[in-house]
Amino acid sequence: MLAIDDDHAPLYTVGQVASMLGVQQAFLRRLDEHGVLSPSRTEGRQRRYSRLEIQRLQYVHDLVEQGMTLAAVRKILELEDRVRELEDALKRMPKTRKRASVPPLDERFIP
DNA sequence: CTTCTAACA
DNA sequence: TGTTAGTA
């Protein structure tokens with residue numbers, strides 16, 4: 001009954017995606033090389049992008065235009081994914097009315 | 001005709 | 001980063 005997610009379906013080639021977004025194929029391939037966004041591959045090793053990946057591509061394109069390096073973009077996407085994880089982990093956490101204790105400044109950053 | 005990798009400017 | 005040669 002779960003209308004299978006056609007948003008995750010790997011359907012589009014680099015060429016299609018590149019012209020859809022008005023970017024160059026080389027750019028998309030570089031994102032793949034740098035681990036920013038790696039689409040799934042066919043058995044013949046050809047890239048196939050899903051609609052979700054294309055959306056993320058739009059976002060990545062913006063960040064790069066704003067001057068972000070690919071390494072920076074990769075880190076940003078990692079952190080944003082991490083934030084989502086924590087957000088819905090929080091959402092599922094049993095409601096407690098306790099006052100959250102704030103960790104000391106020094107300990108709060110750097111994994 | 002399209003994509004792929006690798007290499008060069 | 002964009003382009004291109006040589007393939008598959």
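Just so it is clear: chains get the letters A, B, ... in the order the sequence lines come, proteins before strands, and each one is counted from 1.
Looking only at atom types and distance, the side chain of Arg29(A) has a donor-acceptor partner in the side chain of Gln25(A) under 3.5 Å away. If you check the side chains of Gln46(A) and Arg48(A), you find a donor sitting under 3.5 Å from an acceptor. Between the side chains of Tyr12(A) and Arg47(A), no donor-acceptor pair of N or O atoms lies under 3.5 Å.
Shortest non-hydrogen contact noted between Ala18(A) and Leu28(A) is N-CD1, 3.7 Å.
For dG2(C), its base never sits under 3.5 Å from the side chain of Arg29(A) at any donor and acceptor pair.
Across all strands, Val23(A) comes closer than 4.0 Å to no nucleic acid atom at all (heavy-atom distances).
Across the protein-nucleic acid pair, Gln25(A) atom CD and dA6(B) atom C1' stand 15 Å apart, rounded to whole Å. As a whole-Å value, the separation of Glu43(A) CD from dC4(B) P is 15 Å. In this structure, Glu33(A) atom CD and dA7(B) atom P are separated by 12 Å, rounded to whole Å. Separating the CZ atom of Arg41(A) from the P atom of dT3(B) is a distance of 13 Å, rounded to the nearest angstrom. Distance CD (Gln46(A)) to C1' (dT5(B)): 13 Å, rounded to an integer number of Å. One interatomic measurement links the two molecules: CG of Leu70(A) to P of dG2(C), which rounds to 11 Å at whole-angstrom precision. As rounded to whole Å, 19 Å separates atom C1' of dT5(B) from atom CZ of Phe27(A). In this entry the distance linking CD of Gln24(A) with C1' of dT2(B) reads 16 Å, nearest Å.
A close approach under 4.0 Å does not occur between any side-chain nitrogen or oxygen of Thr13(A) and OP1 or OP2 of dT2(B). Phosphate proximity of dT5(B) to Arg30(A): absent, as no side-chain N or O sits under 4.0 Å from OP1 or OP2. The shortest distance between the side-chain N/O atoms of Arg47(A) and the OP1/OP2 oxygens of dC4(B) is below 4.0 Å.
Cluster membership for Met20(A) and Tyr49(A), using ILVMFWY side-chain heavy atoms within less than 4.5 angstrom, is shared.
Pairing for dT2(B) goes to dA8(C), judged as Watson-Crick or G-U wobble with the two contacts each under 3.5 Å.
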